[in-house]
Amino acid sequence: MPNMDPKKHEMPVQAPDVRNKNFDEVALGYTYEVAVEEAQRCLNCKNRPCVEGCPVAIRIPDFIARVAEGDIEGAFDVLNESTSLPAVCGRVCPQETQCEERCVRGIKGESVGIGRLERFVADYHRENNTKKPAMPEPNGHKVAIIGAGPSGLTAAGDLAKLGYKVTVYEALHVAGGVLSYGIPEFRLPKAIVNQEVQNLIDIGVDIETNMVMGKVLTIDELFEMGNEAIFVGSGAGLPRFMNIPGESLNGVYSANEFLTRINLMKAYQPDSKTPIQHAKKTVVVGGGNVAMDAARSAMRLGSDEVYIVYRRGMEELPARNEEIEHAEEEGIIFKTLHNPVEILGDENGNVRGIRCIKMELGEPDESGRRRPIEVPGSEFEIDCDSVIMAIGTSPNPLISSTTPGLDTNKRGCLITKDDSGLTTRDGVYAGGDAVTGAATVILAMGAGKSAAAAIDEYIKGK
Ligand code: SF4
Ligand code: SF4
């Protein structure tokens with residue numbers, strides 16, 4: 001008999017006034033007992049609507065049924081069939097708009113906590129399992145992957161499980177892509193990313209770091225090295241700016257640079273070798289998850305006041321609700337329906353404030369969202385000593401510009417011919433932010449998965 005409690009078991013978290021001063025993980029995870037009780041809320045629906053909401057098609061009712069029986073390792077085996085990064089997905093996947101949105105328990109109450117259960121199973125396995133995974137039987141074929149972010153790692157894992165010799169080339173000195181440099185420790189501890197990367201190395205995936213592809217090696221050279229297909233999952237690491245006066249002042253960061261210094265180079269630790277400004281008042285421009293991450297990180301670095309400036313309203317903020325709520329609880333001040341027009345500097349070239357204009361919402365634009373319109377004569381200033389631009393990123397053009405026949409659209413994203421991720425070059429597939437522009441981790445993983453299946457078919461058909 002299922003547990004018919006309409007409420008999902010709450011996720012325990014650090015108290016807001018404690019966590020906004022440290023970089024430890026905010027969410028603490030379910031205990032074994034709570035996980036089993038939550039799993040017992042699942043109705044094991046025959047038509048499995050939740051699975052349709054999962055971009056990597058995890059057999060959700062099957063893994064949850066095993067948790068409900070207390071067979072956590074069995075649950076992990078089910079997850080492992082579909083995802084190489086379950087501890088990551090359970091933490092950063094926007095479940096509320098994916099699998100959990102389709103859950104039938106959500107009709108008359110709250111959905112089953114699918115993401116929380118996925119996180120529990122992955123953490124339990126990491127903490128308790130001592131067995132190394134079995135090495136897949138080699139099939140004699142070689143594939144190269146460019147980028148060790150969510151799409152590249154997913155494609156690598158799926159292809160390695162099919163017996164391919166997979167080499168992943170990563171531009172940075174560590175694997176993980178946005179999981180390592182972009183998402184802060186308090187949302188996704190790097191030890192967890194490293195462990196999921198290690199799981200791939202354990203099944204034979206070779207990861208070569210410090211390899212800026214397009215400079216060190218080209219796609220043509222990768223083919224000459226015997227790779228039969230190539231997957232490009234190089235992400236979207238080129239920050240956008242607003243092109244307003246004052247963006248070159250000291251104290252203006254792209255969210256990418258700010259978060260990379262903190263996440264990868266541990267700028268918050270006193271002995272860190274990379275400097276980061278510990279601003280008294282920080283303004284973050286943007287309303288997505290990256291903006292929330294930057295604002296919450298600035299607060300943890302010691303800013304007394306942190307503002308989010310966003311040109312649409314609270315309803316339109318693109319960040320996950322959970323991230324917005326956590327940011328509000330931690331004291332971030334939201335200035336929605338405001339847009340910066342100039343960053344103001346002092347006589348030494350340092351940021352001293354930002355001038356904004358109020359906005360109101362007009363008719364929907366081509367994106368379907370109501371267009372923000374300036375309110376004439378409503379300009380005002382916010383004092384601050386740091387401004388972080390979190391208004392999006394574009395793909396780096398290094399790979400497309402060094403690969404004949406690899407076409408991009410006007411936003412610099414690689415053009416793919418179909419859902420498999422096939423680009424305009426034979427044998428070259430792509431997915432994730434390099435194709436879509438900045439999107440979510442789970443969509444990138446879904447693209448990596450589809451491309452891996454297509455690469456397998458392509459090589460078998462040769
Ligand atoms: Fe849900 Fe995301 Fe896990 Fe799929 S990967 S089951 S969408 S939380
Ligand atoms: Fe369980 Fe919800 Fe999926 Fe039904 S829709 S199988 S209740 S998780």
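Each ligand, and each atom within it, is numbered from 1 in the order the structure gives.
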Numbered atoms and elements of ligand 1 in range of Cys54, under 4.0 angstrom, heavy atoms: 4 (Fe), 5 (S), 6 (S), 7 (S)
What one should report as the nearest heavy-atom pair of Thr393 and Arg240 is O-NH2, 3.3 Å
For distances below 2.8 Å, what is the count of protein N, O or S atoms around atom 4 (Fe) of ligand 2? 1
Gln98 pairs by side chain to side chain contact (heavy atoms under 4.5 Å, CB included) with which of Cys89, Cys54, Cys50, Pro55? Pro55
Element-labelled atoms of ligand 1 that are located less than 4.0 Å from some non-hydrogen atom of Gln98: 7 (S)
One finds that the ligand 1 atoms under 4.0 Å from a non-hydrogen atom of Ile442 are 5 (S)
How close do His141 and Ile459 get, counting heavy atoms only, and between which atoms? ND1-CG2, 3.5 Å
Report, in ascending order of atom number, the atoms of ligand 1 lying under 4.0 Å from any heavy atom of Cys99. 1 (Fe), 6 (S), 7 (S), 8 (S)
Check for me whether the distance between the ring centres of Phe23 and Tyr268 falls short of 6.0 Å. yes
Residue pair Ile388 / Val283, side-chain heavy-atom distance below 4.5 Å: no
Which residue in the set Glu110, Glu100, Glu37, Glu38 passes salt bridge (Lys or Arg N to Asp or Glu O under 4.0 Å) when paired with Lys8? Glu100
NZ/NE/NH1/NH2 to OD/OE distance under 4.0 Å, Arg311 and Glu316: no
Subset of ligand 1 atoms that lie under 4.0 Å from at least one heavy atom of Gln95: 8 (S)
Please find the pair of heavy atoms, one from Gly288 and one from Ala319, that lie closest to each other, and give the distance. C-CB, 3.5 Å
Contact check: Cys89 to atom 2 (Fe) of ligand 1, N/O/S below 2.8 Å: no
With a 4.5 Å heavy-atom cut-off, do Ser151 and Phe231 have their side chains touching? yes
Per-atom contacts, ligand 1 versus Cys93 - under 4.0 Å to a heavy atom: 2 (Fe), 7 (S), 8 (S)
I need the atoms of ligand 1 closer than 4.0 Å to a non-hydrogen atom of Glu118, numbered in the order shown. 3 (Fe), 5 (S), 6 (S), 8 (S)
Among Arg19, Arg119, Arg187, which one satisfies salt bridge (Lys or Arg N to Asp or Glu O under 4.0 Å) with Glu25? Arg119
